[in-house]
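In this text the structure is predicted, and so the values were computed from the model without any measurement. What you see below is based on every heavy atom in this structure, not just the backbone, and it leaves out hydrogens, waters and symmetry mates.
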Amino acid sequence: MPDDTTFYTKGARKFQAQNDSTGLADAMVAAIVSDELSDDRAAFIATRDFFFLATVNSEGAPTVSYKGGAPGFVKVVSPKKLAFPNYDGNGMFLSMGNMDETSNVGLLFIDFETPHRLRVQGRASVSSDRGKLEMFPGANLIVEIDITSCFVNCARYIHKHVRTQDSEYVPDEAGNQPYPSWKRVLSV
């Protein structure tokens, strides 16, 4: 389990000191940060149909992307490991390339209706292994995350939102999905 000396950077500590929150920050690590998923956190992930993925490339440039699928498309492999599919996108593979270069990731799962959010940080590996791909019909790559820390984050600033429609592009149980019209225009 991370402790306050390995969890916080010098930059975080600087702002904690400036804002007189070092004691609170240390108490938060002890109270909510773990290096594995509890049953309730695993259950929360199993109900999500999207998350935000933060990655950084070998030059330190970050990117954040939205990853979506059917509810439960992120699989809890074990309390210390997650797996999720990479579906057909814009062909840029920025997140996949970043994970291949540096492996460091942050995942943010949000429920706008409750509201509730969970952060997961870890080390990623990207695979095109056929056996693993069979777990996720329609996927072109599989990402596995070895969890280094996870914690529930304060939900008080989450805007409440009720979903009105699911995406038609989420692959079905057989991996089928409609081809987006914008790709017909840009394909060469």
Side-chain angles (χ1 to χ4, degrees), residues 32-55 63-96 98-99 104-183:
I32 66 169
V33 179
S34 176
D35 61 357
E36 63 181 47
L37 295 169
S38 60
D39 290 343
D40 61 323
R41 291 174 182 182
F44 177 69
I45 289 171
T47 65
R48 298 299 87 212
D49 60 358
F50 77 94
F51 68 95
F52 296 98
L53 174 67
T55 62
T63 192
V64 177
S65 61
Y66 172 95
K67 298 295 180 188
F73 81 108
V74 177
K75 306 290 186 208
V76 177
V77 178
S78 76
K80 290 186 169 274
K81 186 178 284 270
L82 296 175
F84 66 87
N86 185 70
Y87 294 129
D88 178 55
N90 59 17
M92 296 174 77
F93 291 96
L94 291 174
S95 297
M96 299 301 116
N98 288 354
M99 288 184 288
N104 294 321
V105 295
L107 291 75
L108 178 61
F109 296 91
I110 301 177
D111 178 347
F112 288 105
E113 296 175 22
T114 315
H116 182 67
R117 66 181 168 176
L118 175 69
R119 291 185 185 205
V120 176
Q121 294 168 210
R123 306 241 186 289
S125 60
V126 181
S127 174
S128 59
D129 177 85
R130 289 184 190 265
K132 292 178 181 180
L133 284 170
E134 289 176 3
M135 288 180 13
F136 301 98
N140 56 20
L141 294 167
I142 301 301
V143 177
E144 293 179 304
I145 308 292
D146 291 318
I147 297 168
T148 57
S149 64
C150 62
F151 54 101
V152 173
N153 208 204
C154 177
R156 66 183 166 163
Y157 297 111
I158 296 175
H159 303 284
K160 288 194 175 192
H161 170 75
V162 178
R163 181 188 322 271
T164 58
Q165 182 178 349
D166 292 334
S167 171
E168 67 181 288
Y169 296 100
V170 172
D172 64 18
E173 300 81 27
N176 299 316
Q177 65 189 67
Y179 192 74
S181 60
W182 67 266
K183 280 193 170 186

Task: Pairwise distance CG(L108) to CZ(F50) - rounded to 0.5 angstrom - done: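 Reported value, rounded in 0.5 Å steps: 8.0 Å.
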Open item on the list: Assess whether a salt bridge exists between K80 and D35, defined as any Lys/Arg side-chain N lying under 4.0 Å from an Asp/Glu carboxylate O.
Closed with: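 A salt bridge links K80 with D35.
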Open item on the list: Working note: I110 + H116, criterion side chain to side chain contact (heavy atoms under 4.5 Å, CB included); need CA distance, chi angles, decisive distance, verdict.
Closed with: CA-CA 6 Å; I110 301 177; H116 182 67; over 6 Å; no
Check side chain to side chain donor-acceptor pair (under 3.5 Å) between [X] and all other residues, then give those that pass, not counting sequence neighbours.
X    : answer
K75  : none
R119 : N153
T47  : none
T63  : none

Name each donor-acceptor pair under 3.5 Å that joins a side chain in residues 124-131 to protein atoms two or more places apart or in another chain, with its distance.
| from | atom 1 | to | atom 2 | distance (Å) |
| --- | --- | --- | --- | --- |
| S127 | OG | D129 | N | 3.0 |
| D129 | OD2 | G131 | N | 3.1 |
| D129 | OD2 | K132 | N | 2.9 |

Task: Heavy-atom side-chain contact between L107 and F52 under 4.5 Å - done: no
- [ ] Assert yes or no for the condition that the ring centre distance of F84 to F51 is strictly below 6.0 Å.
- [x]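 Yes, they do, as the ring centres are separated by less than 6.0 Å.
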- [ ] Tell me whether the guanidinium CZ or amine NZ of R48 lies under 6.0 angstrom from the six-membered ring centre of F44 and within 45° of its axis.
- [x]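 Pair R48/F44 counts as cation-pi.
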TODO: Report yes or no: does D111 contribute a side-chain atom to a donor-acceptor pair with the main-chain N or O of P115 at less than 3.5 Å?
DONE: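 Flag not set: sc D111 to bb P115 has no pair under 3.5 Å.
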TODO: Please answer whether the main-chain N or O of V105 pairs with a side-chain N or O of R123 as donor and acceptor at a distance below 3.5 Å.
DONE: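 Judged by distance alone, no pair lies under 3.5 Å.
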Task: Partners meeting side-chain contact (heavy atoms from CB on, under 4.5 Å) with R41 (sequence neighbours left out) - done: I32, S34, L37, S38, L118, C150, V152
- [ ] Could you walk me through whether K81 and I145 pass the side chain to side chain contact (heavy atoms under 4.5 Å, CB included) test, one step at a time?
- [x] CA-CA 5 Å; K81 186 178 284 270; I145 308 292; over 6 Å; no
Open item on the list: Tell me if the CG atom of D40 is crowded by more than 12 foreign heavy atoms within 6.0 Å.
Closed with: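 Counting other residues, nucleotides and ligands, CG of D40 exceeds 12 neighbours.
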